[in-house]
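To find a chain, count down the sequence lines: A is the first, B the second, and so on, and within it residues start at 1.
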There are 2 protein chains.
Amino acid sequence: MAIDHLDGRLLVLLAEEPRIGVLEMSRRLGVARGTVQARLDRLQSNGVIRGFGPQVDPAALGYPVTAFATLQIRQGQGADVRAHLATVPEVLELHTTTGSGDMLCRLVARSNADLQRVIDRVVGFDGIVRASTAIVMENPVPLRIIPLVEQAATEH
Amino acid sequence: MAIDHLDGRLLVLLAEEPRIGVLEMSRRLGVARGTVQARLDRLQSNGVIRGFGPQVDPAALGYPVTAFATLQIRQGQGADVRAHLATVPEVLELHTTTGSGDMLCRLVARSNADLQRVIDRVVGFDGIVRASTAIVMENPVPLRIIPLVEQAATEH
DNA sequence: GAGCCTCTGAGCAGATTGTCCAGCTGATAC
DNA sequence: GTATCAGCTGGACAATCTGCTCAGAGGCTC
């Protein structure tokens, strides 16, 4: 679960140039190929690396509008609401948070007008008492992990 | 910018088994290798596929606590606050949203107690007027894109 | 019909992968 | 001090995949 400096460098390298192979990585890091392979296997079975799926940009797919909605859930309806939201493709992410029956979800839509349709679909469900939505204007820090990896690797 | 059915299948396949190569993909999809290569190149230059970076799990790195903080920013201090937050490794993501000088950021921490340290560091900056934090308890829908890809591919 | 784009199926040299192995090192246990 | 162990190194091998090229076929628009 703890990662050392070499793991950190490996992750950073992998994040910067994901297409390079094990052999090229071993050259860049100055270690043997077997070492890189062993480290990668360990990081994956550790769960540190969850996968290498493609990072798809919703905007390029035609969904340039992002919003966060805070939902207030009626007591005991949590499971139903979760199941409902999981069926909506525009719900990219859903969290339950502290507070009385609150959820936070990330939405995308084709336009501001389309966002209304998405929100109607999201909140058009019995267990949801109230929803408040914040539309994203800018994204100064896109989802990132490298700084955290570097910190975790430094502390080793 | 619009993706067709084959693009959709390609993305789904890539998301499910990211380590398979171009040749294996062409076999699974029943098309020629050159087609897969051309589609992949196009998706990448389109920006639909942003990259193939490793998906790192903060929890496995020792940061099991996630929280969302809504920040109220003093007028005109936005740029400074952005720069400040970008230097905090525990800030994984930052958005500016509708509303008067509001920002939303995703934080991680080593523990609930550690979250206090992170929040102090985040809000210990002049331009931030107020902050309210919601701690994530569950994550019923982890960040996903496949359902949206399938919808976009079906509409073609 | 001409022109254009995409897909197909094939070929080639070169590089990479998965998988072994023996030897070395540093740390830990006895 | 010495035995044991895990991790790293550097090397080898066959099998596979990649990047690149090509000619031909189909479908589309003008």
Side-chain angles (χ1 to χ4, degrees), chain A residues 1-57 59-62 146 149-156, chain B residues 1-57 60-62 146 148-156:
Chain A
M1 186 155 127
I3 65 171
D4 68 9
H5 193 64
L6 181 56
D7 290 322
R9 287 203 299 146
L10 187 57
L11 286 172
V12 171
L13 180 58
L14 213 43
E16 285 170 351
E17 303 187 50
R19 295 316 309 218
I20 66 179
V22 175
L23 185 57
E24 178 63 19
M25 278 191 264
S26 72
R27 281 195 282 254
R28 304 268 187 102
L29 297 175
V31 297
R33 180 165 68 110
T35 305
V36 172
Q37 254 158 348
R39 293 298 188 113
L40 267 183
D41 288 348
R42 190 168 54 75
L43 286 173
Q44 288 198 68
S45 57
N46 269 353
V48 173
I49 297 180
R50 220 179 305 168
F52 293 89
Q55 294 160 330
V56 177
D57 184 3
L61 234 48
I146 295 303
V149 167
E150 283 171 342
Q151 174 168 295
T154 306
E155 294 172 359
H156 73 94
Chain B
M1 188 156 126
I3 65 171
D4 68 9
H5 193 63
L6 180 57
D7 290 324
R9 288 203 299 146
L10 187 57
L11 286 172
V12 171
L13 180 58
L14 213 43
E16 284 170 353
E17 304 188 49
R19 293 319 303 208
I20 67 177
V22 175
L23 186 56
E24 179 63 20
M25 279 191 266
S26 71
R27 282 195 282 254
R28 304 269 187 102
L29 298 176
V31 298
R33 180 164 69 111
T35 306
V36 172
Q37 251 157 351
R39 294 297 188 113
L40 267 183
D41 288 348
R42 190 169 54 75
L43 286 173
Q44 288 198 67
S45 57
N46 269 354
V48 173
I49 297 181
R50 220 180 304 167
F52 293 89
Q55 294 160 331
V56 177
D57 184 3
L61 234 48
I146 294 304
L148 195 69
V149 167
E150 283 170 343
Q151 174 168 296
T154 305
E155 295 171 0
H156 70 94

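Contact of the B:R42 side chain with the B:D7 side chain is registered, since non-hydrogen atoms from C-beta on lie closer than 4.5 Å. Between B:L13 and B:E24 there is no side-chain heavy-atom pair separated by less than 4.5 Å.
We find that CG of A:D4 is positioned 11 Å from C1' of D:dG7, with the value rounded to whole Å. Between A:L40 atom CG and C:dT16 atom C1' the separation is 15 Å, expressed in whole Å. Note: CG (B:L29) to C1' (C:dG9) measures 17 Å, nearest angstrom.
For B:R33, the listed nucleotide lying nearest its side chain is D:dT18; candidates were C:dG9, C:dT17, D:dT18.
Contacts of A:R42 with the nucleic acid, taken as non-hydrogen atoms under 4.0 Å apart, are absent.
Residue A:Q37 places none of its side-chain N or O atoms closer than 4.0 Å to OP1 or OP2 of C:dT17. One finds a side-chain N or O of A:R39 lying less than 4.0 angstrom from the OP1 or OP2 phosphate oxygen of D:dC8. Within the structure, every side-chain polar atom (N or O) of A:T35 is placed at least 4.0 Å from both OP1 and OP2 of D:dG7.
Here the CZ atom belonging to B:R28 is positioned 11.5 Å from the CG atom belonging to B:L14, to the nearest 0.5 angstrom. The line from CE of A:M25 to CZ of A:R9 is 13.0 Å long, rounded to the nearest 0.5 Å. Between the CG atom of B:L40 and the CD1 atom of B:I49 there is a distance of 5.5 Å, given to the nearest 0.5 Å.
Listed by residue number, A:G21, A:V22, A:L23, A:R27 are the residues of residues 11-27 of chain A with a heavy-atom contact under 4.0 Å to DNA chain C.
Between B:A15 and B:I146, the closest heavy-atom pair is CB-CD1, 3.5 Å.
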